[in-house]
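Read through the structure below, which is laid out as structure tokens, and then see the notes.
By convention in this document, chain letters (A, B, ...) are assigned in the order of the sequence lines, proteins followed by strands, and residues within each chain are numbered from 1. From a predicted model like this one, the values you see are computed outputs, not experimental measurements. Just the heavy atoms: all of them, side chains too, but no hydrogens, waters or symmetry mates, feed the values below.
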Amino acid sequence: MAILAFIQVLFYCILVSFVIGKRFFRKEYIIAVILFSLIMAGLYSYLDIFGSLLIFAFVFAMFKYTYLKWIPALYYASTVMIATILIDHITTFIMVKIFGVSTTFIETYGIISSATLLHQFITLIIGFIFITFWKKVTIRIFEKDTDDRNLTRIAAFLGLFTYAIYFTMIVYVRLTGNQNKLVLMNTMYLCIYFIIFAVSLSFLVYTFRKRFEMREKEIELNSLQMYTEQLERNYNEMRTFRHDYINILSSMSEYITNRDMNALESYFNDNIMRVSQKIRDDDFKMRGLSQIKIPEVKGLVSSKLITAQGKGIDVVFECPNEIHYLNMDSVLLCRCIGIILDNAIEAAEEVEKGTVRVGFVEFEQSVSFVVWNTFRDTGYKLFQYFEKGFSTKGENRGLGLNSLKKMVDQENNTQLDTVIEDGFFKQEIVILK
Amino acid sequence: MIDVFICEDQKEQREKIARYVSNYIMIENLDMQLVLTTADPEGILAYIKESNRPGLYFLDIDLNHEMNGITLGSEIRKIDPIGDIVFITTHSELTYLNFIYKVAAMDFIIKDDVDSVQSKIVSCLKVTNERKQVMNNTSNKKFVQKVADKIISVNYDDIMFFESSPLHKVVLHLDNRQVEFYGKLKDIEKEYEGFIRCHNSYVVNIDNIQEVDLKKKEILMENGETCYGSARMIKAVQKKLEMSVIE
């Protein structure tokens with residue numbers, strides 16, 4: 001029996017070494033393990049199953065010594081203990097079903113049968129597989145830079161609690177075998193488990209939402225960054241123009257003092273008209289963006305339009321009135337705008353010299369978001385564009401009008417108006433104030 | 001007779017446009033008259049409140065007045081819903097979609113393109129003149145709905161069917177358009193005898209039905225779109241169709 005206990009303790013320590021890895025193989029660890037195994041071998045017959053509490057304490061101490069922190073140590077120690085209990089049961093099951101031997105009855109004083117050795121061996125293999133897998137799953141929680149301290153706490157607490165339940169159950173069955181009390185205890189545990197489950201679930205949902213919001217914010221920030229860069233480019237262009245403009249004026253005054261009308265005329269036509277044309281073409285087209293005062297909408301619209309401009313599409317945006325508020329769920333609004341603009345840009349790309357006109361039109365009781373785009377008319381009827389999964393470029397590409405319509409349908413204050421007319425695909429979302 | 005108005009704050013521009021307009025009316029002997037050339041938007045509004053005739057309006061955007069061209073345009077719209085509004089503007093002031101959606105502008109003329117101003121004015125005069133003649137010939141059988149500031153006005157002939165959607169919205173299906181408004185199918189049914197309830201959430205326009213499939217309970221429309229019927233109600237559609245064939 002003493003030797004059996006010795007082997008069992010060694011076995012725990014091997015599992016621990018799987019978790020800790022290379023750092024385990026140091027002098028102080030090896031000595032501690034051997035010493036503890038010997039002590040346990042001596043004490044085991046007196047302690048019976050309470051010996052496993054001592055083992056737990058030892059395992060915990062080893063983890064604490066390695067990781068220097070309470071919470072990971074608690075978590076790992078409980079996990080190892082749970083794992084051994086579970087694996088022991090699994091192995092017993094395998095032994096009975098496959099080899100047809102029941103190890104629990106073979107263990108008699110002083111005899112370590114080959115079956116027991118086999119039992120320990122299988123347990124070790126399963127343990128190794130389990131721990132490798134477990135480490136991969138949970139390693140993220142305890143990465144050094146995790147700032148999610150609540151998560152580690154919950155994990156540690158769950159581990160410890162689960163171990164406590166296993167242990168008390170085993171002890172209870174071993175000592176009394178009282179079924180009624182066991183049922184009562186089970187009920188209590190189930191309740192506590194349920195509460196923990198609910199708490200961790202809501203925590204999980206909260207975390208996910210936070211992460212989602214963060215991602216949205218990041219996208220918004222990137223879009224605004226793009227917009228700022230565009231503004232800077234425009235500003236630089238303006239500055240060069242102002243520089244040129246002074247040069248132009250001074251050379252014009254030169255022609256005027258010389259009364260050289262012919263030269264002045266040709267200079268005017270060749271230089272000034274051309275420069276003013278260029279400014280007209282480039283700068284005024286996106287001017288309205290500064291009127292949108294809703295950051296996420298401004299960011300989204302500007303980034304999409306700037307990208308479209310980069311693709312060689314003639315993009316015009318207009319917004320004569322300042323837009324401060326749109327009476328629609330912000331996330332839904334952005335998704336709708338995103339879908340409409342993506343569709344418009346994709347369609348305009350397919351034709352030569354594609355055009356996309358985008359604008360906000362403010363009325364007394366409503367605001368309309370309007371997008372017109374040219375498209376390659378392949379004879380599809382409008383209702384076909386609304387069919388699920390429709391795309392002019394084959395199946396399942398992007399989010400079509402179908403999903404847009406579903407989104408708008410969810411909102412009480414919005415209506416969709418879609419028209420194909422004069423070679424344009426025209427979309428209007430009316431948002432009531 | 002169509003009244004033509006010009007509202008422009010710059011004297012030279014105003015006179016130039018007035019010259020183009022009156023010359024063309026005279027040469028072509030159109031049934032139009034240039035009644036008011038002004039820098040004052042209030043003047044136009046006061047005039048049309050009295051006259052109550054459809055007009056053609058050439059409006060500058062920047063009027064140096066608390067009212068700009070677009071607000072003037074929408075004020076005019078309230079008094080004269082069918083008149084033609086043309087904006088005269090610079091490239092930098094051009095807000096095309098706003099012109100169209102806000103005041104249903106007919107066209108816009110860009111001042112910076114000096115060479116094309118005259119031809120554009122002439123074409124506007126022509127279009128208005130032609131429109132007037134067409135208007136006299138067609139009867140306006142139109143389905144009209146108002147949503148907030150927006151008026152949906154479509155010919156009965158173009159309507160395929162109505163579909164109710166959640167939150168009290170109705171989707172109107174045309175050949176080239178799908179538009180939503182707030183309403184009840186129950187009320188729409190009564191608008192026109194050709195509108196028949198074929199399903200709890202569908203009203204079909206019987207004039208545009210191509211085929212009725214009683215087995216599948218589907219109604220194929222002229223444009224290839226499918227409208228759905230219910231077992232009970234689709235029979236009424238079939239009956240009505242048969243009756244119209246006999247007639």
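Both the backbone and the side chain of B:Thr95 come within less than 4.5 Å of a heavy atom of chain A. Heavy-atom distances place no part of B:Ile61 under 4.5 Å from chain A, backbone and side chain included. With a 4.5 Å cut-off on non-hydrogen atoms, A:Ser368 does not touch chain B at all. For A:Val408, the parts lying under 4.5 angstrom from a heavy atom of chain B are both the backbone and the side chain. In this structure, no portion of A:Glu387 lies under 4.5 Å from any heavy atom of chain B. Residue B:Tyr182 touches chain A through its side chain alone, counting heavy-atom pairs closer than 4.5 Å. When heavy atoms are compared at a cutoff of 4.5 Å, A:Leu432 approaches chain B solely by way of its side chain, counted from C-beta outward. Both the backbone and the side chain of B:Lys102 come within contact range of chain A, with heavy atoms under 4.5 Å apart. Heavy atoms closer than 4.5 Å to chain B are found in the side chain of A:Val430, but not in its backbone.
The CG atom of B:Asn223 lies 9.0 Å from the CD atom of A:Gln384; values are rounded to the nearest 0.5 Å. Interatomic distance, NE2 of B:His173 versus CZ of A:Phe386, reported as 8.0 Å (0.5 Å rounding). Atom CG of A:Asp409 and atom CG of B:Leu167 lie 7.5 Å apart (nearest 0.5 Å). The CD atom of A:Gln415 lies 10.0 Å from the CZ atom of B:Phe181; values are rounded to the nearest 0.5 Å.
Between chain B and the residues A:Glu421, A:Glu364, A:Arg357, the most heavy-atom pairs under 4.5 angstrom are made by A:Arg357.
Minimum interatomic distance between A:Val358 and B:Leu97 (heavy atoms only, all atoms of both residues): C-CD1, 3.6 Å.
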